Amino acid sequence: LWPWLLASSGLSALVQLVTLPFFPDSPSYLLIQKGNEEACRKAIRKLWGEGDHQAEIDDIMKEKDAMASTKTLRVLEVIKERSLRWQLYILVTVMTTLQLCGINAIYFYSFEVFHTAKFEEYLIPYVSLGVGLCECLSSILCSTLIDRFGRKVLLWGGYSLMCSVLALLTMTLSLQHRFFWMHYFSVILIFLFVVFYGIGP
């Protein structure tokens with residue numbers, strides 16, 4: 001089953017390979033990068049049908065003018081620029097915490113936790129698949145929550161809940177030889193951690 005599951009990801013790539021040549025180029029790409037207004041109008045008509053699309057073209061022209069007046073900075077210039085310093089700190093902090101949040105450790109050790117929880121050997125891959133499915137579903141849920149609560153709340157909430165779950169998971173893994181039900185609690189915590197990771201970071 002696993003070889004077929006792994007090969008299924010190639011199906012979407014094959015569909016894109018066959019269908020993408022028939023799609024028109026992006027109107028903004030044609031107008032901003034290529035400077036071809038006629039091709040831009042043709043692409044718009046192909047995408048949105050016949051009609052007056054002058055408002056869309058005017059928006060693209062405004063974007064082109066804005067890009068022309070914006071100076072492109074090199075990496076060293078971005079680091080030296082005082083007005084961008086806080087944005088840079090936030091970006092580095094978010095990316096660093098994302099790498100060090102523990103999700104890779106959870107995925108790496110989840111098989112061992114499931115095995116210790118006395119799951120049948122043939123069931124463990126499906127439980128691991130369920131963990132991945134949880135992350136996928138929570139990421140979809142995040143896209144609906146982000147408009148309501150904002151990115152900042154989801155980041156703080158996600159990291160706080162993940163930190164709490166990791167503390168509890170450390171405790172349950174330490175006590176798993178004393179209480180038989182600790183194994184199952186550890187499994188629940190792994191699922192919760194993945195859900196909070198998907199919703200937050």
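This chain uses plain numbering: 1 for the first residue, then up along the sequence. What you see is a predicted model; the values in this text were computed from it and never measured. Values below: all heavy atoms of this structure, side chains included; hydrogens, waters and symmetry mates excluded.
Linking Ile, Leu, Val, Met, Phe, Trp and Tyr whenever their side-chain heavy atoms come within less than 4.5 Å leaves Leu11 and Leu129 in two separate clusters. Residue Leu84 is not grouped with residue Leu76 when hydrophobic side chains (ILVMFWY) are merged at heavy-atom distances under 4.5 angstrom, including chains of intermediate members. Connection of Leu145 to Ile140 is not established within any shared hydrophobic cluster, with ILVMFWY side chains joined at heavy-atom distances below 4.5 Å, either directly or through further cluster members. The hydrophobic cluster containing Ile57 does not contain Tyr29, counting ILVMFWY residues as joined when their side-chain heavy atoms lie under 4.5 angstrom apart, directly or transitively. When the side chains of ILVMFWY residues are joined at heavy-atom separations under 4.5 Å, either directly or via intervening members, Phe196 and Trp156 end up in two distinct hydrophobic clusters.
The minimum heavy-atom distance linking Pro21 with Gln16 is given by the pair CD-O, 4.2 Å. Taking all atoms of both residues into account, the shortest heavy-atom contact from Ser28 to Ser26 is OG-OG, 3.0 Å. In this structure, Phe149 and Val153 approach most closely via the heavy-atom pair O-CG2, 3.4 Å. When every heavy atom of Phe111 is checked against every heavy atom of Glu121, the shortest pair comes out as CZ-OE2, 3.7 Å. Across all their heavy atoms, Asn36 and Ala39 have their closest contact at OD1-N, 3.1 Å. The two residues Leu154 and Cys142 make their nearest non-hydrogen contact at CD1-SG, 3.9 Å.
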Pair Leu169-Tyr109, side chain to side chain contact (heavy atoms under 4.5 Å, CB included): steps then yes or no:
CA-CA 12 Å; Leu169 187 60; Tyr109 288 109; over 6 Å; no

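Applying the side-chain contact (heavy atoms from CB on, under 4.5 Å) test between Ser186 and each of Leu175, Thr172, Leu168 identifies Thr172 as the sole match.
Inter-residue side-chain proximity for Leu98 and Tyr159 is flagged as met; some heavy-atom pair is nearer than 4.5 Å. Val127 places a side-chain heavy atom less than 4.5 Å from the side chain of Phe191. With contacts defined as side-chain heavy-atom distances shorter than 4.5 Å, the pair Tyr197/Ser138 does not qualify. Residues Phe193 and Ile103 are in side-chain contact: their nearest non-hydrogen atoms beyond the backbone lie under 4.5 Å apart. Using a 4.5 Å cut-off on side-chain heavy atoms (C-beta onward), Glu56 and Arg41 make no contact. Leu166 places a side-chain heavy atom less than 4.5 Å from the side chain of Ile106. Between Val113 and His183 there is no side-chain heavy-atom pair separated by less than 4.5 Å. Proximity of Phe114 to Val131: side-chain heavy atoms (C-beta onward) are separated by under 4.5 Å at one or more points.
Put simply, CG on Leu31 and CD1 on Ile44 are 8.0 Å apart, with the number rounded to the nearest 0.5 Å. Distance check: Asp65 CG to Ile32 CD1 gives 9.5 Å after rounding to the nearest 0.5 Å. One distance of note links CD of Glu81 with CD of Gln87; it measures 9.5 Å at 0.5 Å rounding. Note: Gln54 CD to Asp59 CG = 10.0 Å, rounded to the nearest 0.5 Å. Interatomic distance, CD1 of Ile199 versus CG of Leu141, reported as 4.5 Å (0.5 Å rounding). Separation of atoms CG (Leu30) and CD (Glu38) is listed at 11.0 Å; rounding is to 0.5 Å.
By the 6.0 Å contact criterion, CD on Glu77 is enclosed, its count of non-hydrogen atoms from other residues, nucleotides or ligands being greater than 12.
Counting only distance, with no hydrogens or angles, the side chain of Arg45 and the backbone of Cys40 share no donor-acceptor pair below 3.5 Å. The closest donor-acceptor contact from the side chain of Arg85 to the backbone of Lys80 lies under 3.5 Å.
Taking the six-membered ring for Trp and the full ring otherwise, the centers of Trp86 and Tyr89 sit less than 6.0 Å from each other.
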